[in-house]
Each structure stands twice: as C-alpha cells, then as structure tokens.
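Chain letters run A, B, ... following the sequence lines, proteins first, then strands; residues in each count from 1. FYI, side chains are in, hydrogens and waters are out, and symmetry mates aren't considered; it's all heavy atoms of this structure.
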Protein chains: 2
Amino acid sequence: MSAADAAAAAPIRVLLADDQALVRGALAALLNLEPDIEVVAQAGDGAEVAKLAVEHRVDVALLDVQMPGTDGLEAARMLRAAMPGCRMLMVTTFDRPGYLRAAFEAGASGFLVKDTPSSELAAAVRRVHAGGRVVDPALAATSLTSGANPLTEREREVLSRAQSGAPVAQIAASLHLSAGTVRNHLSSAIGKTGEANRIAAAHLAREQGWI
Amino acid sequence: MSAADAAAAAPIRVLLADDQALVRGALAALLNLEPDIEVVAQAGDGAEVAKLAVEHRVDVALLDVQMPGTDGLEAARMLRAAMPGCRMLMVTTFDRPGYLRAAFEAGASGFLVKDTPSSELAAAVRRVHAGGRVVDPALAATSLTSGANPLTEREREVLSRAQSGAPVAQIAASLHLSAGTVRNHLSSAIGKTGEANRIAAAHLAREQGWI
DNA sequence: AAATTGCCATGACAGATGTCATGACAGACA
DNA sequence: TGTCTGTCATGACATCTGTCATGGCAATTT
C-alpha cells in the first residue's frame with residue numbers, strides 16, 4: 001500500500017507534545033508534508049496530552065521526554081490509562097539509556113533520538129501506527145550494556161537534591177531525615193556509581209537517566 | 001511588497017545550523033513553506049557553517065547557540081570574518097541572559113528562544129534579512145537587569161571544571177596552578193554569585209550564561 | 001607616579017564531606 | 001524461620017572545602 005493510497009483511505013492522526021513551540025511547529029510542518037499523516041493536535045505540556053488525544057481521536061502521539069512539569073514519560077502513563085489504543089512514540093534530546101527502559105515501561109511503542117535524520121520520522125510514525133516498534137539500534141545496545149538503575153529510591157531522591165549544590169543539612173530537612181542518614185545515602189550512591197563525590201555521581205546518574 | 005512578490009524577485013537564501021538532525025530538518029520544512037524563503041544549506045556542526053555559507057551565497061544564517069564542538073557563538077564569529085555581509089539569527093533552547101550579549105558581540109542581528117511560536121520564525125528571518133534586529137523583549141529585559149558577567153576569565157575556567165565534580169587537586173593540575181590558587185578563585189566566584197558553594201555557584205553561572 | 005585590578009601563591013582555621021562500624025526495624029523471599 | 005535488602009540513625013575519623021590574611025607580580029587606569 002503506498003502512502004497516497006493510505007491518505008485516500010484515512011490519514012494517520014498525530015498529536016505532538018514538545019515544550020518548545022518552535023520545534024513543535026516545525027515538526028508539524030515536516031509531518032504535514034506527508035499525504036498520509038495529519039497533525040491534529042499539539043501540546044506544550046504533558047498534562048494536556050491525554051485530554052487532547054481523546055478529543056481528537058489521535059492514532060499516534062509523538063511525545064518529547066524532556067518537558068517541564070509533567071514530562072513525556074508521565075504523560076505516556078496518563079495517556080495509556082486514558083486511551084489504551086493510542087500508540088506512543090517518544091522523542092528525546094539526550095540519549096540516556098535509562099530513558100529507553102522507562103519509555104517502554106510507560107507503554108511507548110517507539111523511541112527516537114533528536115539527531116535522527118528528519119526523513120525517518122514519518123516512517124517511524126507509520127511503523128508505530130501499524131503496530132510495530134521503533135528503537136534506535138545504537139541506543140538499544142548501550143541500554144543493554146549499561147544495565148538497570150542500581151540506585152534505590154532514597155538514593156535517587158538524595159542525589160537529585162544534591163545536584164544543585166544543596167548542603168547535607170538542607171537535604172536532610174527537606175526529606176525529614178537526619179544529616180547522618182543523608183550522608184550515608186550519598187556515600188552509598190557514590191560507591192555504586194564508582195565516582196569520587198556526590199557531584200560526579202549525580203552527573204553520571206543523570207547521563208544514564210537514573211535520576 | 002508582498003511575500004509572493006519577493007519570491008518572484010529572489011528568495012531569501014537561508015542556512016540552518018543545529019546539531020539535532022530532526023530539528024534541523026523540521027525547521028527546513030517549516031521555512032520552505034514560505035514562498036520567499038529557501039533553505040539552501042544545512043550544518044550539523046558549527047565548524048562547517050562559514051564554508052557552507054560562502055559556497056551557497058547565504059543571505060541569513062540561523063544558528064543554534066548550543067552545539068557540541070564549535071558552538072553557535074563561535075560559528076557566528078567565524079562567519080562574520082569570512083562573510084561580513086551575511087546576516088545571523090541566533091536560536092537557543094535556554095534563555096540565558098549572558099548569551100544575548102555574547103550573540104550580539106559575535107555579530108548576530110537577532111536572537112530567538114525556541115519557545116517562540118513557529119509562525120514568527122519566517123517574519124524574524126525577513127526582518128533580519130532586511131537589516132533589522134530581532135530580540136525577544138522579555139529576554140532583553142532580564143538581560144538588562146541581570147547585568148554583565150562579573151566573573152574573571154580564570155574564575156570562569158575554574159568554575160567550569162568544578163561543575164562536573166572534579167576535586168581541587170585535579171582542577172589545579174589541569175590548569176597548572178597550585179591548589180590554593182584554585183580555591184581562591186573558587187571562593188571569589190562563590191562570593192560574586194552570592195551562593196554557598198562551588199556547585200550552586202556553577203549552576204547560577206550557567207543559568208546566566210556566564211560560563 | 002600612584003592606584004587599581006587581575007593573577008598567583010602560601011599558611012591557617014572552621015566547617016562540610018566521605019567513609020566506616022554498628023545497631024535497629026520492616027518487608028520480601030525461600 | 002532465617003536471610004536479605006532497604007531504610008534510618010549515631011559516633012568517630014580523615015579529608016576536602018571555603019574563608020581569610022598576607023604578599024608579590026604584571027597590566028591598566030588615573
């Protein structure tokens with residue numbers, strides 16, 4: 001079946017979610033060039049995604065992972081609950097292995113990095129719409145070799161707060177813990193990451209998509 | 001003169017530089033919808049910009065500030081040297097006030113944040129091409145209130161290296177300085193930023209576009 | 001010529017950080 | 001039941017970090 005035939009039948013109804021309006025509009029222009037694809041809704045925030053998808057009877061949702069407030073992963077979980085038949089294709093700026101796993105756990109059918117050639121986007125949308133899966137092979141490989149997140153929930157919380165330079169006392173207060181406990185969690189996270197201090201550990205954890 | 005008339009006369013020849021191929025392709029699709037604008041070259045790296053711009057007799061270069069290797073600001077400086085008549089419009093993901101100043105010092109005629117509505121992009125390209133300037137008013141205001149970069153060259157170098165968690169000894173070795181001197185520079189930078197430690201200071205400095 | 005500023009360096013001090021040993025409790029699991 | 005893991009906590013120790021006083025040098029400004 002050619003793209004033109006498909007368009008004549010019924011175009012694929014796409015929703016775009018990206019916090020950057022310029023990128024969102026540009027992606028819409030790109031996809032609307034395809035005769036068998038139609039962008040029927042756009043969201044600048046993950047919170048709107050589920051509602052818009054239902055309203056516009058969306059076939060495929062293209063979700064940016066990085067968004068302020070409700071991010072793409074959270075939006076995917078909400079959308080899956082609200083509209084289980086809707087396919088989801090995640091798009092991300094950073095190739096952090098941890099995101100790949102999280103995306104599929106959230107119900108996504110595909111995962112694209114933003115340095116994919118633009119000519120492949122439409123094909124990815126079609127494949128996902130047809131029930132297939134889309135994964136960047138290189139990213140899948142690094143995801144397998146790097147393995148799962150070794151950090152516990154508490155370690156992630158503590159490390160996240162340490163990122164911005166908050167001292168132990170402040171982290172402890174914000175989590176209602178003793179300072180010693182926070183230092184223990186930090187020490188444990190530092191050990192698991194193999195780094196020398198909390199900052200380097202937080203860096204690595206962010207790169208891996210662990211926090 | 002309408003856009004159609006302008007297209008009949010001679011379309012504006014645009015170069016796109018962005019490290020993310022998907023975004024680059026999408027922006028090209030968006031701009032090519034305009035009859036009076038034609039994307040004649042694309043670069044995924046700042047180093048190629050000047051050469052491509054000359055080869056394709058580019059009127060306006062759309063440069064992403066954030067690129068690995070040669071970034072948009074560096075590319076702008078090289079392009080101005082190689083082709084002084086070429087207009088430059090900077091595009092950025094993050095609205096860091098310091099970048100605005102740096103962009104105009106590098107010779108740019110305009111500065112757009114990526115959450116600008118996509119409908120305004122073509123207008124910005126036309127205005128820059130006509131010799132005008134484009135600045136996001138909100139960003140210009142914060143740029144004025146936040147003022148110039150208070151950090152010295154050394155302080156920026158030291159703070160940059162401290163960002164990723166490198167200990168003082170390592171920073172000192174990489175800059176061929178004594179450990180004490182590095183700590184003095186860090187202390188000075190911490191004082192100037194009004195933060196409590198090197199990490200918070202580095203965070204603020206990055207947000208402001210100082211490092 | 002004098003003052004200012006940035007850069008480099010040293011030494012000393014207080015406080016923050018990373019590590020380790022130890023103990024307690026709850027939930028999961030074989 | 002016993003074991004394991006994650007969580008919380010305390011105390012002690014060595015090291016790292018941030019600050020300050022002090023001094024010297026070069027370039028710029030007044």
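A:R133 pairs by the salt bridge (Lys or Arg N to Asp or Glu O under 4.0 Å) definition with nothing, not counting sequence neighbours. Partners of A:R154 under the salt bridge (Lys or Arg N to Asp or Glu O under 4.0 Å) rule, at least two apart in sequence or in another chain, are A:E157. With sequence neighbours left out, the salt bridge (Lys or Arg N to Asp or Glu O under 4.0 Å) criterion links B:R77 to B:E74. In this structure, the salt bridge (Lys or Arg N to Asp or Glu O under 4.0 Å) partners of A:R156, at least two apart in sequence or on a different chain, are A:E153. Taking the side-chain contact (heavy atoms from CB on, under 4.5 Å) definition, one finds that B:N184 meets it with nothing, sequence neighbours left out.
At least one side-chain nitrogen or oxygen of A:S178 sits closer than 4.0 Å to the OP1 or OP2 atom of D:dT10.
The rotation axes computed at either terminus of the helix from C:dA1-D:dT30 to C:dA30-D:dT1 lie 40° apart, taking five pairs at each end and rounding to 10 degrees.
Each of B:T181 and B:N197 lies near DNA chain C, and the nucleotide nearest B:T181 is the one positioned closer to the 5' end.
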Atom pairs under 3.5 Å: protein N/O with N/O of nucleotides 19-21 of chain C:
unit_1, atom_1, unit_2, atom_2, d
C:dT19, OP2, A:S187, OG, 3.1
C:dC20, N4, A:N184, OD1, 3.2

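Across the protein-nucleic acid pair, B:H176 atom NE2 and C:dC7 atom C1' stand 16 Å apart, rounded to whole Å. Rounding to whole angstrom units, CZ of residue A:R198 and C1' of C:dA16 are separated by 8 Å. In this structure, A:K192 atom NZ and D:dT5 atom P are separated by 11 Å, rounded to whole Å. As a whole-Å value, the separation of A:N149 CG from D:dG6 P is 12 Å.
Side-chain contact between B:I211 and B:Q163: present, with at least one pair of heavy atoms (C-beta onward) separated by less than 4.5 Å. Within the 4.5 Å cutoff, side-chain heavy atoms of B:W210 are placed close to those of B:P150.
Within the structure, the salt bridge (Lys or Arg N to Asp or Glu O under 4.0 Å) test picks out the following pairs touching residues 102-115 of chain B (sequence neighbours left out): B:D18-B:K114, B:D64-B:K114. Residue pairs meeting the salt bridge (Lys or Arg N to Asp or Glu O under 4.0 Å) criterion with at least one partner in residues 177-203 of chain A, sequence neighbours excluded, are A:E155-A:K192. Residue pairs that meet the side chain to side chain donor-acceptor pair (under 3.5 Å) test with at least one member in residues 43-52 of chain A, sequence neighbours left out, do not exist here. Legend: side chain to side chain donor-acceptor pair (under 3.5 Å) pairs involving residues 168-177 of chain A, not counting sequence neighbours, sorted by first then second residue: A:R161-A:S174.
Residues from residues 152-170 of chain A lying near DNA chain D, meaning a heavy-atom separation below 4.0 Å, are A:T152, A:E153, A:R154 in numerical order.
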